[in-house]
Amino acid sequence: MNLLHIDSSALGNHSVSRALTADIVARFRRNRPETSYRYRDLAAQPLPHWSPVADASDPAALPGNEVMEEFLAADVIVLGAPMYNFGIPSQLKAWIDRVAVAGKTFRYTASGPEGLAGAKRVIVASSRGGFYGQGSAGAAMDFQENYLRAVLGFLGITDVEFVRAEGVAVSAEHKDQALAAAREAIGTLLPKAA
C-alpha cells in the first residue's frame with residue numbers, strides 16, 4: 001500500500017489538523033508496516049500557484065510533475081485540511097490545482113466529466129475553530145468539506161472519510177473534547193486491503 005501524507009496548516013506544532021494526520025498515519029503504519037510512505041508539507045514547501053506562462057517556460061522542472069506522480073501512485077491519501085476563512089488553505093488549493101488535470105485525473109466526455117483517479121481512499125483531517133457541521137448555525141458557511149468532497153468526487157474518488165475537530169478555538173475545554181472525539185474516530189479507521 002502506498003500512503004501519501006499531506007499537511008497544509010501554517011500553524012506548525014500548534015496545528016490540530018497536523019496532530020490528527022500524524023495520528024492517522026501512525027495508525028496505518030502500525031497496522032500495515034509494509035506501507036510505503038511519502039510526506040509533503042505544503043506550508044513548509046509551498047507549491048507555486050498554477051500558471052500556464054510559468055509552467056511553459058521549463059516543463060522539465062515543473063513541481064506539478066512530482067506532485068502528480070505522488071498522487072497517482074498513492075492508494076491512500078491522508079489530507080490535513082484546516083478551515084481557513086470558511087474554505088481550505090491556499091497552499092492546499094495550489095496542490096489540488098496540480099492534481100486536477102484534464103487527461104490525467106479527469107476527462108470530459110459527451111455525457112459529462114469522468115474522474116480517472118477513483119481507486120483511492122482519502123482520509124481528511126478537518127479542523128475548525130468554530131462549529132460548521134450539519135445542523136449548526138454555521139453550516140451554510142462550510143466551503144471546506146463540501147469543496148473537498150466535490151473536487152475529489154470530480155476526480156472519481158468516492159472513498160472519502162472525514163475526521164473532524166470542531167470548535168477548537170472556542171475554549172480549551174472545547175478543543176480537548178474535539179480532539180478526544182477525533183481521536184476516537186481515528187481509532188475506528190481500519191487499513192483496507194490494497
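Index from 1, following the sequence.
Taking the six-membered ring for Trp and the full ring otherwise, H5 and F28 have centroids separated by 6.0 Å or more. Remark: aromatic rings of F86 and Y84 are distant, center separation not under 6.0 Å.
The only option from T105, L47, N65 that meets the side-chain contact (heavy atoms from CB on, under 4.5 Å) definition with R98 turns out to be L47.
Closest of all the heavy-atom pairs between G167 and H174 is O-CB, 3.3 Å.
When atom types are taken as modelled, the side chain of R29 and the backbone of T35 share no donor-acceptor pair closer than 3.5 angstrom. For R27 (side chain) and G187 (main-chain N/O), a donor-acceptor pair under 3.5 Å exists by modelled atom type. A donor-acceptor pair is defined here as one N or O able to donate and one able to accept, closer than 3.5 Å; such a pair exists between the side chain of K120 and the backbone of L72. Counting only distance, with no hydrogens or angles, the side chain of D7 and the backbone of G80 share no donor-acceptor pair below 3.5 Å. The backbone N or O of G133 lies less than 3.5 Å from a partner atom in the side chain of E166, making a donor-acceptor pair. Between the K93 side chain and the I88 main chain, no donor and acceptor come within less than 3.5 Å of each other. With hydrogens and angles disregarded, a donor-acceptor distance shorter than 3.5 Å links the side chain of R18 to the backbone of S9.
Taking a cutoff of 4.0 Å between a charged side-chain nitrogen and a carboxylate oxygen, E173 and K175 do not qualify as a salt bridge. Salt-bridge check for D75 with R121: failed, with every basic side-chain N at 4.0 Å or more from each acidic carboxylate O. A salt bridge links E145 with R128; the closest basic N to acidic carboxylate O contact falls under 4.0 Å.
Cluster membership for F162 and F154, using ILVMFWY side-chain heavy atoms within less than 4.5 angstrom, is shared. V168 and V170 are not part of a single hydrophobic cluster, where members link through side-chain heavy atoms under 4.5 Å apart. One hydrophobic cluster, built from ILVMFWY side chains closer than 4.5 Å, holds both V76 and Y39. With hydrophobic clusters built from ILVMFWY side chains whose heavy atoms lie under 4.5 angstrom apart, L20 does not share a cluster with M83. Linking ILVMFWY residues whenever their side-chain heavy atoms come closer than 4.5 Å, directly or via other members, places I6 and V151 in the same cluster.
Rounding to the nearest 0.5 angstrom, the gap separating the CG atom in N85 from the CD atom in Q144 is 11.5 Å. A distance of 9.0 Å separates CD of E70 from CH2 of W95, quoted to the nearest 0.5 Å. Residue T158 holds its OG1 atom at 11.0 Å from CZ of R149, rounded to the nearest 0.5 Å. To the nearest 0.5 Å, atoms CG (L42) and OG (S8) are separated by 6.0 Å. In this structure, E161 CD and L79 CG are separated by 12.5 Å, a value rounded to the nearest 0.5 Å.
In this structure, E34 places its CD atom where more than 12 heavy-atom neighbours from other residues, nucleotides or ligands lie under 6.0 Å away.
Inter-residue side-chain proximity for V78 and L3 is flagged as met; some heavy-atom pair is nearer than 4.5 Å. Proximity of I123 to I77: side-chain heavy atoms (C-beta onward) are nowhere separated by under 4.5 Å. With contacts defined as side-chain heavy-atom distances shorter than 4.5 Å, the pair D159/V122 does not qualify. Side-chain contact between S17 and S126: absent, with no pair of heavy atoms (C-beta onward) separated by less than 4.5 Å. Side-chain contact check for V160 versus L148: every heavy-atom pair is 4.5 Å or farther apart. Side-chain contact between K104 and M68 is present, with heavy atoms from C-beta onward closer than 4.5 Å. Residues F71 and I96 fail the side-chain proximity criterion, which asks for heavy atoms closer than 4.5 Å.
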Stepwise, does the side-chain contact (heavy atoms from CB on, under 4.5 Å) test hold for V163 with V124? CA-CA 6 Å; V163 173; V124 180; over 6 Å; no
Would you please test S36 and R38 for side chain to side chain donor-acceptor pair (under 3.5 Å) and show each step? CA-CA 7 Å; S36 170; R38 295 288 303 254; over 6 Å; no
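Classification of the Y108-F106 ring pair by plane angle, with boundaries at 30° and 60°, yields perpendicular.
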